[in-house]
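Comments concern the structure below.
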2 protein chains.
Amino acid sequence: MLRISKLTDYAIMVMVELSQSRGEVISAQALAERCGLELPTVSKLLKLLTRSELVQSFRGVNGGYRVNRPSADISVAEVIAAIEGPIAMTECSVDTGLCQQEDNCNLRSNWQRISLAVAEAMQQVTLAEMARPAPAVTDSLKIATFNA
Amino acid sequence: MLRISKLTDYAIMVMVELSQSRGEVISAQALAERCGLELPTVSKLLKLLTRSELVQSFRGVNGGYRVNRPSADISVAEVIAAIEGPIAMTECSVDTGLCQQEDNCNLRSNWQRISLAVAEAMQQVTLAEMARPAPAVTDSLKIATFNA
DNA sequence: TGAAACAGGACTGATATAGTACTATTTAAC
DNA sequence: GTTAAATAGTACTATATCAGTCCTGTTTCA
Ligand code: FES
Ligand code: FES
């Protein structure tokens, strides 16, 4: 299904929530409640998001997490990359020597281009946009995803 | 990493090989050899590709598989969909009621749009293009995938 | 009738994901 | 200083998915 992991999905929810209170420090606990997720899970995500510097953390009493950039400046692609690593459809899209097929196969450069196109598509969607429902997708468009 | 499964990768290899001999019937065994893959694996893939009518199968002695459409008319997206199902980033992109978060979360319509954009990116790449190496991806572009 | 080839499904081992738990560290308030 | 609140880091386990294989049946041609 070419899907993002559940954790990544949660991460988007958390980031959307956080970025709606830009500048405010919010604890993992509070975020978990607002998003309807478990604390340990949210906690794990926030650690990853902190490492990627998408959010800033504050330890100690009254600590928590904060996002500095405006939500319109943070792309979905960044959040995905923070949780899952590089947006790459195959091992070989990231670097040479990683794909088992590399000897027999010269699809590598093409996979790189496809990965790039996918990454760009997701880079154009910001958290600000995610925060409000998009116009419904029509059935005629839906066909493109090869839904049954 | 948002990657396609290995099987899907193999499927593209097989389809590229097959589509380069358009109209010719080739056995699973022969395809396995040409692609450097195991017969049972290739066999499994070809069954799936047949169900999606991307290839046509012929049973019995001298049987095998054939592709009818020109390689320039078959998109990578179709092959992915044949192996993995709909191109959808989240459960809820496919249909309502499938995503656990649906009560708490109104990202659904946005995920649908993103899935659509991704699908469209891959629909524009044909097997004919996959068959020959693409121009190298430059480093400046590579950044878009958030490689380290 | 027999061999070549696909169809369908079932099974197994390996791998990745999801979720949790534990310990250490930092900070503010008292 | 002590305590409590909160994050950091890591390790662990159960589960689900994926990859790969195998078996049995069916079709077709020689
Ligand atoms: S798919 Fe990675 S080298 Fe061909
Ligand atoms: S991500 Fe599926 S409903 Fe929100």
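Letters A, B, ... mirror the listed sequences (proteins, then strands); counts begin at 1. Worth saying up front: this structure is predicted, and the values here are computed from it rather than measured.
Here the CZ-OG1 distance, from A/R69 to A/T126, works out to 11.0 Å after rounding to the nearest 0.5 Å.
Interface residues of residues 4-20 of chain A facing DNA chain C, ordered by number: A/S5, A/K6, A/L7, A/Y10; criterion, heavy-atom separation under 4.0 Å. Within residues 32-42 of chain A, the residues that place at least one heavy atom under 4.0 Å from DNA chain C are, in residue-number order, A/E38, A/P40, A/T41. Contacts with DNA chain D (heavy atom under 4.0 Å) in residues 47-68 of chain B: B/R59, B/G60, B/V61, listed by number.
In this structure, A/I83 places its CD1 atom 18 Å from P of C/dA16, rounding to the nearest Å. Distance CG (B/L45) to C1' (D/dT21): 13 Å, rounded to an integer number of Å. One interatomic measurement links the two molecules: CG of A/L31 to C1' of D/dA6, which rounds to 13 Å at whole-angstrom precision. Spacing between atom NZ of A/K44 and atom P of C/dG19 amounts to 8 Å, rounded to whole angstrom units.
In this view, B/P40 and B/E38 satisfy the side chain to side chain contact (heavy atoms under 4.5 Å, CB included) rule, not counting sequence neighbours. Residues passing the salt bridge (charged side-chain N to carboxylate O under 4.0 Å, His left out) test with A/E129, sequence neighbours excluded: none.
Checking side-chain atoms of B/S115 against main-chain N and O of B/M89 turns up a donor-acceptor pair under 3.5 Å. With hydrogens and angles ignored, the 3.5 Å screen pairs a side-chain donor or acceptor of B/N110 with a backbone N or O of A/M130. Without hydrogens or angle criteria, B/S5 side chain to B/T8 main chain gives a donor-acceptor distance under 3.5 Å. With B/E84 contributing its side chain and B/A81 its backbone, the two residues share no donor-acceptor pair below 3.5 Å.
If you chain together ILVMFWY residues whose side-chain heavy atoms come under 4.5 Å of each other, A/V25 ends up grouped with A/F58.
Of the candidates B/V14, B/L18, B/L49, B/I26, B/L18 is the only one forming a side-chain contact (heavy atoms from CB on, under 4.5 Å) with B/Y65.
Counting heavy-atom neighbours within 6.0 Å of B/Q20 CD, excluding the residue itself, gives a total above 12.
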